[in-house]
Structure formats: C-alpha cells, structure tokens
Amino acid sequence: MAGKDITQVKVGRFAVGINGIKQLMEEMAATHADKADDEVRSFMLDRLGEGNYIPSSAKEDYGKAFVREFRKFLGQSCAEDTPDWLDIKVLGTGCNQCHALTQMIMEVLTEINLPAGVDHVTDIKEIARYGVMGSPALLINGKVVSVGNVPPRDRVKKWLVEPGQFQGEDQW
C-alpha cells in the first residue's frame with residue numbers, strides 16, 4: 001500500500017487516519033462493486049489491517065466505515081452513520097480564509113464547550129462532491145450554511161449552538 005495515502009475516515013465518533021484506503025478502493029472498484037457488504041467489509045478489514053492499527057474491539061465500527069467509504073467512492077447509496085455530535089466541514093483548498101474559518105470554529109467550540117468533529121476538506125474532488133462553488137464553505141451536519149466568505153463569529157456561534165440545543169453548559 002502507498003506510504004502517503006492517508007485518508008481521514010469517520011469510525012464511530014472519531015476521525016481516524018487510514019493508510020492505503022484510496023488505493024485499495026481503486027483496486028476494488030472493478031472486482032467488488034457488486035459484492036455484498038459483508039464480503040467488502042471482510043476484504044477491506046483484511047487488507048487495511050496489514051498497514052493500519054485496527055483494534056479488535058472496534059473492528060465492527062471500522063468495517064462499517066470502510067464499506068460506507070467504498071460505496072461513496074463508487075457513487076452508490078450507503079447508510080450514513082448519524083453522529084450524536086455536530087459534524088462540521090470547512091471546504092476549501094487551503095487559503096487563508098479557509099484556515100481562519102477552521103480556527104474560528106475550533107475557538108467557538110471550545111468557548112461553548114460543544115463536542116464536534118471538525119474536518120477541513122482540501123481535496124478538490126471531495127469538495128466537488130458537495131456541489132459548492134465557492135470557498136470557504138461551511139457545512140454543519142451536512143447542511144451548507146455559508147459559501148464564499150468567513151461569516152461573523154456571532155453567527156457561527158449561533159449556528160453551532162442551535163443544532164446542539166444547549167447553551168454551552170458542560171453536557172459531557
């Protein structure tokens with residue numbers, strides 16, 4: 001597997017760096033597209049287990065995540081895990097505005113003590129999948145809330161608090 005092919009994959013509540021998943025999915029596209037999820041899961045766990053640490057207690061979660069990523073890679077429908085926390089994505093190729101927005105989001109999340117997964121998606125192909133035509137773009141739980149600028153801090157805070165339905169009390 002490629003040494004530099006590390007991709008962030010949501011496994012349960014966590015984003016985990018997986019080495020070689022893109023290359024493996026490209027190899028599997030012709031041979032496993034019509035296979036059952038159980039067969040895809042088993043194959044991917046075996047192959048990706050060679051170059052990644054996959055805890056035995058989390059194999060089921062890793063397997064679900066691998067199948068989900070493979071189905072998305074193929075453009076097939078797949079069951080998305082519904083997170084029990086906010087899922088925040090900043091889409092942008094890495095400009096100063098993108099970095100500023102990501103930093104602001106992390107600061108606001110810390111300020112209001114809100115658990116969330118924050119991903120900064122920089123891959124142009126991945127950004128294109130969201131159909132967003134400007135950057136930076138901000139998605140909260142899959143909903144595009146801002147495109148083309150860094151919104152004011154108070155507006156970002158409002159967007160983050162509303163989906164969480166609490167005002168920053170220590171909930172966890």
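Side chains are part of it too, since the values below use all heavy atoms of this structure and drop only hydrogens, waters and symmetry mates. Treat the numbers as computed from the prediction; the structure is a model and nothing was measured.
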Tell me whether L139 is reachable from I105 by hopping between hydrophobic residues (I, L, V, M, F, W, Y) whose side-chain heavy atoms are closer than 4.5 Å. no

Give me the ring orientation class for F66 and Y62: parallel if the planes are under 30° apart, tilted from 30 to 60°, perpendicular past 60°. perpendicular

Looking at every non-hydrogen atom in both residues, tell me the closest pair between I127 and G92 and how far apart they are. CD1-N, 3.5 Å

Restricting to non-hydrogen atoms, name the atom on N19 and the atom on L48 that form the minimum distance, rounded to 0.1 Å. O-CD2, 3.7 Å

Does a side-chain N-to-carboxylate-O contact under 4.0 Å join E26 and K22? no

Salt bridge or not for E126 and K89, using N-O below 4.0 Å? no

Quick one: do W159 and V150 end up in the same hydrophobic cluster if we chain Ile, Leu, Val, Met, Phe, Trp and Tyr together by side-chain heavy atoms under 4.5 Å apart? yes

Side chains of E60 and K64: closer than 4.5 Å at any heavy-atom pair? yes

Flag the pair I21 / M44 as yes when at least one side-chain heavy-atom distance between them is below 4.5 Å, and no otherwise. yes

Indicate the atoms forming the closest heavy-atom contact of V9 with A65, along with that distance. CG1-CB, 3.8 Å

For P136 and Q97, work out which heavy atoms get closest and say how close. CD-OE1, 3.5 Å

Take a 6.0 Å sphere around CG of D46 and say whether it holds more than 12 heavy atoms from other residues, nucleotides or ligands. yes

Could you check if a side-chain atom of M133 sits within less than 4.5 angstrom of a side-chain atom of V147, using non-hydrogen atoms only? no

Taking the basic N atoms (NZ, or NE/NH1/NH2) and the acidic carboxylate oxygens, is any pair closer than 4.0 Å for R41 and D38? yes

Return yes if some donor-acceptor pair links the side-chain N/O of R71 with the main-chain N/O of A33 below 3.5 Å, else return no. yes

